[in-house]
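Below is one structure; the comments refer to it alone.
Every heavy atom of this structure was used, including side-chain atoms; hydrogens, water molecules and symmetry mates were not. Every chain is numbered from 1, with letters handed out A, B, ... down the list of sequences.
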2 protein chains.
Amino acid sequence: MIDKDRAMTGQARFELFAFWRTSATYRVRVALNLKGVVAEERIVDIDAGEHRSEAYLAINPLGAIPALIDRGAGQSRAPLTQSLAILEFIEELYPEPAILPPDPHGRARVRSLAAMLAADTHPLITPRVRKYLTSQGGFDDAAWRAWQTHWFTTGLQAVEHRLASEAETGAFCHGETITIADICLASILAVLRIFKIEVPAIPTIERIMRSCEAHPAFAKAAPLAQPGAPR
Amino acid sequence: MIDKDRAMTGQARFELFAFWRTSATYRVRVALNLKGVVAEERIVDIDAGEHRSEAYLAINPLGAIPALIDRGAGQSRAPLTQSLAILEFIEELYPEPAILPPDPHGRARVRSLAAMLAADTHPLITPRVRKYLTSQGGFDDAAWRAWQTHWFTTGLQAVEHRLASEAETGAFCHGETITIADICLASILAVLRIFKIEVPAIPTIERIMRSCEAHPAFAKAAPLAQPGAPR
């Protein structure tokens, strides 16, 4: 439930409206963990339709999860939305440790990899797309699963091709430190596991994911470690 | 056709692999125009399958349009891809006139609006999605058109809601200057017109679009004004 009163009296600068399972919330959680920034998390139970409730629509009229409220910036501001925009915002406010490379070409590469995952792949397998395809598009469960598998495979194998062939790839997607690209990659892999979908031939991605999972910022953000997740 | 030899001897720093109709190419074209940066444009005829040709895959193995090659940065670099990443890159290299606001909250708002269009809306109506739905998803032309109309309407009305209700909206999406949000908005409207799709109840968007269209950077980038476009 959304606890608006407690939000007004809490100590943390940020309030994150979140749900355990969503890929976009996971990205923000990892970035906050990496920077050591505490946000009070408010669960918006999508399965119970809370993102469409009057209480939540008063906070974010679009009903989108995640939403980040910056209480340090006055009460009248709209919440920040869209995970990629929030990641850039967190990076600007808390530059250390950096989650973008120092050079423009490196930043462009990291943002491009992030967009291949968060913009080209993820929007195709969201609940609203599922709803359309199963209610209006004539998709049954098998057709939906084939759709999901197709886009996860297409997106991840394209990223794999780049990671395996580009010289900038290191222990992580870009060199030896965690960037926004790793965060987006891990967010897609987390969803993949929840849906139990197998994508073949992504050894570089699997290697990088092992590096990410060894980091507490990722482990602490794992969907199944969040309040509200199934036991 | 892709003219690799001429590319090596050209004078402009940038080479933009482009196609007249694509929304993502349009975004990059507008940004370059706004900054007064010249790129030699190479047409990759998607309708003729050139993005899947050996010649183009040697340039960008993913076959994605647009791709921007920075010849000022040495020959061995991979092309820059993903329009949002390229827009940020152009902004970093050529800060004036700025296409992002000066403050982190403003930048987060602009990037969020841009992502609602370029990440939440556009990926759903791309040719690869059409191909899947019509070949494997059982969609006929009417079902595809209903799908397109649904996502354009959903995405644009959500943006309209924000633009109409948030105090930061001005002559443009964010205040009185053109930002990445306007560029992404115009790119979606341009595609809408090509497909002759009507989205009701977007008066704020229509007002902002008139401001954009009055600017030569947008007019010069218009899909139908490009080489290769139908007469």
Side-chain angles (χ1 to χ4, degrees), chain A residues 61-64 68 70 73-74 76-93 100 103-105 107-116 118-124 126 128-129 132-133 136-139 143 146-147 150-151 154 158-159 161-162 165-168, chain B residues 61-64 68 70 73-74 76-93 100 103-105 107-116 118-124 126 128-129 132-133 136-139 143 146-147 150-151 154 158-159 161-162 165-168:
Chain A
L62 295 177
L68 185 75
D70 181 0
S76 67
R77 277 188 190 277
L80 306 181
T81 54
Q82 291 285 341
S83 63
L84 292 178
I86 295 173
L87 294 183
E88 298 268 356
F89 175 81
I90 294 170
E91 174 77 347
E92 291 180 356
L93 258 65
L100 282 170
D103 60 305
H105 283 86
R107 280 194 293 279
R109 179 173 180 267
V110 164
R111 286 176 174 135
S112 172
L113 288 166
M116 288 173 73
D120 277 2
T121 303
H122 183 249
L124 293 164
T126 51
R128 63 197 188 114
V129 172
Y132 186 100
L133 287 174
Q136 289 166 264
F139 275 41
W147 165 275
H150 176 82
W151 295 116
T154 303
V159 169
H161 182 96
R162 291 192 61 178
S165 63
E166 293 176 0
E168 295 93 336
Chain B
L62 295 177
L68 185 75
D70 181 0
S76 66
R77 277 188 190 277
L80 306 180
T81 55
Q82 291 285 341
S83 64
L84 292 179
I86 295 173
L87 294 183
E88 297 268 358
F89 175 81
I90 293 169
E91 173 77 347
E92 291 180 357
L93 258 64
L100 282 171
D103 59 306
H105 284 86
R107 280 195 293 278
R109 180 173 179 268
V110 165
R111 286 178 174 133
S112 172
L113 288 166
M116 287 174 72
D120 277 2
T121 303
H122 182 249
L124 293 164
T126 52
R128 65 197 187 113
V129 171
Y132 186 99
L133 288 174
Q136 290 166 265
F139 275 42
W147 166 275
H150 176 81
W151 296 116
T154 304
V159 169
H161 182 95
R162 290 192 62 178
S165 62
E166 293 176 2
E168 295 92 336

Residues that B:T121 engages under side chain to side chain donor-acceptor pair (under 3.5 Å), provided they are two or more places apart
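Here no residue qualifies.
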
Tell me, side chain or backbone of [X] under 4.5 Å from chain A's heavy atoms, or both, or neither?
X: B:L133; answer: side chain
X: B:V110; answer: neither
X: B:R162; answer: side chain
X: B:T154; answer: side chain
X: B:W151; answer: side chain
X: B:H150; answer: side chain
X: B:L124; answer: both

Do you know which of A:G137, A:A114, A:A64, A:G138 has the most heavy-atom pairs with chain B at a distance under 4.5 angstrom?
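The answer is A:G137.
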
Minimum-distance pair of heavy atoms, taken over all atoms of B:F89 and A:P104:
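Closest heavy-atom pair between B:F89 and A:P104: CD1-O, 3.6 Å.
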
Do A:R107 and B:E88 have side chains that approach each other closer than 4.5 Å (heavy atoms only, starting at C-beta)?
no

Taking side-chain contact (heavy atoms from CB on, under 4.5 Å) as the test, write out the residues that go with B:A146, two or more places apart.
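B:A146: side-chain contact (heavy atoms from CB on, under 4.5 Å) contacts with A:Y132.
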
Counting heavy-atom pairs closer than 4.5 Å to chain A, which one of B:D120, B:I86, B:L93 comes out on top?
B:D120

Interatomic distance, CZ@A:F139 vs CD@B:Q136, rounded to 0.5 Å, equals 8.5 Å

Could you grab the distance from atom OG1 of A:T81 to atom CZ of B:R109, nearest 0.5 Å is fine?
10.0 Å

Presence of salt bridge, B:R111 and A:E91, under 4.0 angstrom:
no

